[in-house]
There are 2 protein chains.
Amino acid sequence: MTQTLTPPDATPGTRPKRKLYEAVFEAIAVDILQGTLPTGSALPTDSALCTRFGVSRTVIREAIQHLSSVGLLDVRHGAGTYINGSRQWDLLDPQLLTMMGRTGTIGFVIDDLLDIRRMFEVEAATLAAKRATPDDIRALEALLVRMRDPATTEQEHVALNLEFHGLLVQASHNRILQGLREQLRGVLTVMMNARHRQADAEMRTVSTAMHQMILDSIRERRPDRAQAVMLAHIQGAERSLQHEPR
Amino acid sequence: MTQTLTPPDATPGTRPKRKLYEAVFEAIAVDILQGTLPTGSALPTDSALCTRFGVSRTVIREAIQHLSSVGLLDVRHGAGTYINGSRQWDLLDPQLLTMMGRTGTIGFVIDDLLDIRRMFEVEAATLAAKRATPDDIRALEALLVRMRDPATTEQEHVALNLEFHGLLVQASHNRILQGLREQLRGVLTVMMNARHRQADAEMRTVSTAMHQMILDSIRERRPDRAQAVMLAHIQGAERSLQHEPR
DNA sequence: CGATATTTGTACGTATGTATT
DNA sequence: TAATACATACGTACAAATATC
């Protein structure tokens with residue numbers, strides 16, 4: 001367990017303005033992620049943590065509540081607070097994933113995340129092929145025109161790529177899928193950073209062609225084809241991430 | 001906006017023990033779900049809510065925090081708190097879904113939920129066919145034996161059915177999929193209750209046969225077949241829910 | 001642009017209730 | 001029953017962001 005806690009104004013010159021409960025949250029979270037606080041063991045009591053961190057119980061309670069809401073802790077009324085195993089963690093929570101990225105403990109979920117991403121994108125393409133409105137299709141077409149434009153920079157192309165997949169989800173007309181996308185977007189960003197990879201320049205032409213094929217499938221109302229092309233597209237992208245050290 | 005709030009000890013004889021912040025949460029949530037508080041309008045200030053509900057700001061803040069975490073409110077530091085539209089709502093949150101069930105405003109997400117359920121179950125079956133261990137397969141087999149046993153009651157059969165799908169997710173060996181299942185389980189229960197349907201007795205034989213085919217596909221490592229059978233299975237179950245008044 | 005008022009955010013201390021051991 | 005530990009709620013003070021004059 002961490003002995004001390006970085007004060008909110010550790011460097012008087014700068015302005016970190018770290019909130020106390022966030023500092024406590026992070027200190028405890030890191031200890032859990034790294035195994036310093038082992039699964040099943042009891043967290044010190046509220047009052048013990050108050051004295052250890054030198055803060056009020058309000059702060060401790062807020063930190064514990066957040067830790068509990070991401071599944072790191074199991075709070076039992078009257079009995080104590082216990083450390084959960086990784087099976088209990090909310091592996092879709094961006095805050096937790098970010099911390100796992102920072103502590104180098106994110107490896108064991110990367111393959112799981114790729115599964116989810118694939119499932120998600122394939123479903124969006126399939127549903128879009130069934131339900132896209134003329135407006136949806138027009139928006140996708142406009143995007144593809146810009147992607148094919150030789151004047152667009154590499155950076156712009158990456159952004160357009162993301163936007164294309166966003167429009168696809170919108171064209172699926174499923175609100176829950178859109179919510180899941182929001183969660184996954186942050187998570188995948190963390191993952192990409194953890195592996196410090198960028199889109200290969202050479203892939204640009206291939207990628208645009210893939211997107212064109214997906215759009216064609218949607219326009220022709222062929223869900224099976226949309227599904228197959230998206231699957232191939234995603235699996236191509238996965239190759240740049242998979243089979244690296246975990 | 002609700003004028004008063006059910007006090008925690010409304011009936012001295014019984015022991016409702018309703019928490020104040022939950023009561024406030026619910027009162028405001030209902031007003032938002034039913035449109036009494038329209039999208040984009042401002043929620044009264046903390047202090048105004050304190051006097052209106054007759055509670056401390058601690059209670060109001062806790063309620064607002066929960067409302068914000070399920071996407072019903074948008075809290076802007078220094079500017080005020082505003083009502084979010086349904087596009088912002090976290091439609092996978094069990095607490096919110098439960099409330100939507102109670103207020104009769106859940107209809108517009110049922111079809112979305114069925115999409116998600118189908119996507120989810122099909123993916124689990126496909127992955128299970130790729131990754132199930134001998135232990136996974138033995139557990140599934142044991143479950144099927146009990147399902148075929150004529151001595152199992154109808155109620156038991158429903159429970160075994162749920163357990164089968166749970167084991168399937170476990171056999172997918174994807175932790176995030178398991179977390180999603182937890183969320184969906186509560187949601188689907190609410191949905192079923194909202195439509196007050198139970199499994200048809202006549203479907204029992206068909207259902208067991210379907211499960212057997214899924215297990216066979218997994219044992220034979222045929223993901224495509226597992227995917228197809230599960231799709232048919234889920235779509236069969238959907239027929240008992242779809243095409244009802246929303 | 002600047003000063004001020006408003007509104008939300010953070011933190012403290014205290015008191016009391018409730019569940020577990 | 002008693003002790004322990006978490007839960008809820010109140011009131012207060014000040015900080016920070018925003019809006020308004």
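Atom set for the values below is all heavy atoms of this structure, side chains included, hydrogens, waters and symmetry mates excluded. Lettering of chains follows the sequences in order, A, B, ..., and the numbering in each one begins at 1.
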**salt bridge (charged side-chain N to carboxylate O under 4.0 Å, His left out) pairs, two or more places apart, involving residues 93-104 of chain A** = A:E26-A:R102

**Message:** How many whole angstroms separate atom CG of B:L73 from atom C1' of C:dG9?
**Reply:** 16 Å

**Asked** Who are the side-chain hydrogen bond (donor to acceptor under 3.5 Å, both in side chains) partners of B:T105, not counting sequence neighbours?
**Response** B:T103

**Request:** In whole angstrom, give the distance that lies between atom CZ of A:F53 and atom P of C:dC12.
**Result:** 13 Å

**Complete:** Residues at least two apart in sequence or cross-chain that pass side-chain hydrogen bond (donor to acceptor under 3.5 Å, both in side chains) with A:E182, listed by chain then number, are A:R185

**Message:** Using a 4.0 Å heavy-atom cut-off to protein, can you give one letter per nucleotide of nucleotides 2-8 of chain D, 5' to 3': B if the base is in contact, S if only the sugar-phosphate is, - if neither?
**Reply:** ---BBBB

**Prompt:** Starting at CD of A:Q65 and ending at P of C:dA11, how long is that distance when rounded to a whole Å?
**Reply:** 14 Å

Result block: side-chain N/O donor-acceptor pairs under 3.5 angstrom for residues 65-73 of chain B, not counting sequence neighbours:
{"unit_1": "B:H66", "atom_1": "ND1", "unit_2": "B:E62", "atom_2": "O", "d": "3.2"}
{"unit_1": "B:S69", "atom_1": "OG", "unit_2": "B:H66", "atom_2": "O", "d": "3.0"}

**Request:** Applying side-chain hydrogen bond (donor to acceptor under 3.5 Å, both in side chains), name anything that partners B:S56, two or more places apart in sequence or on another chain.
**Result:** none

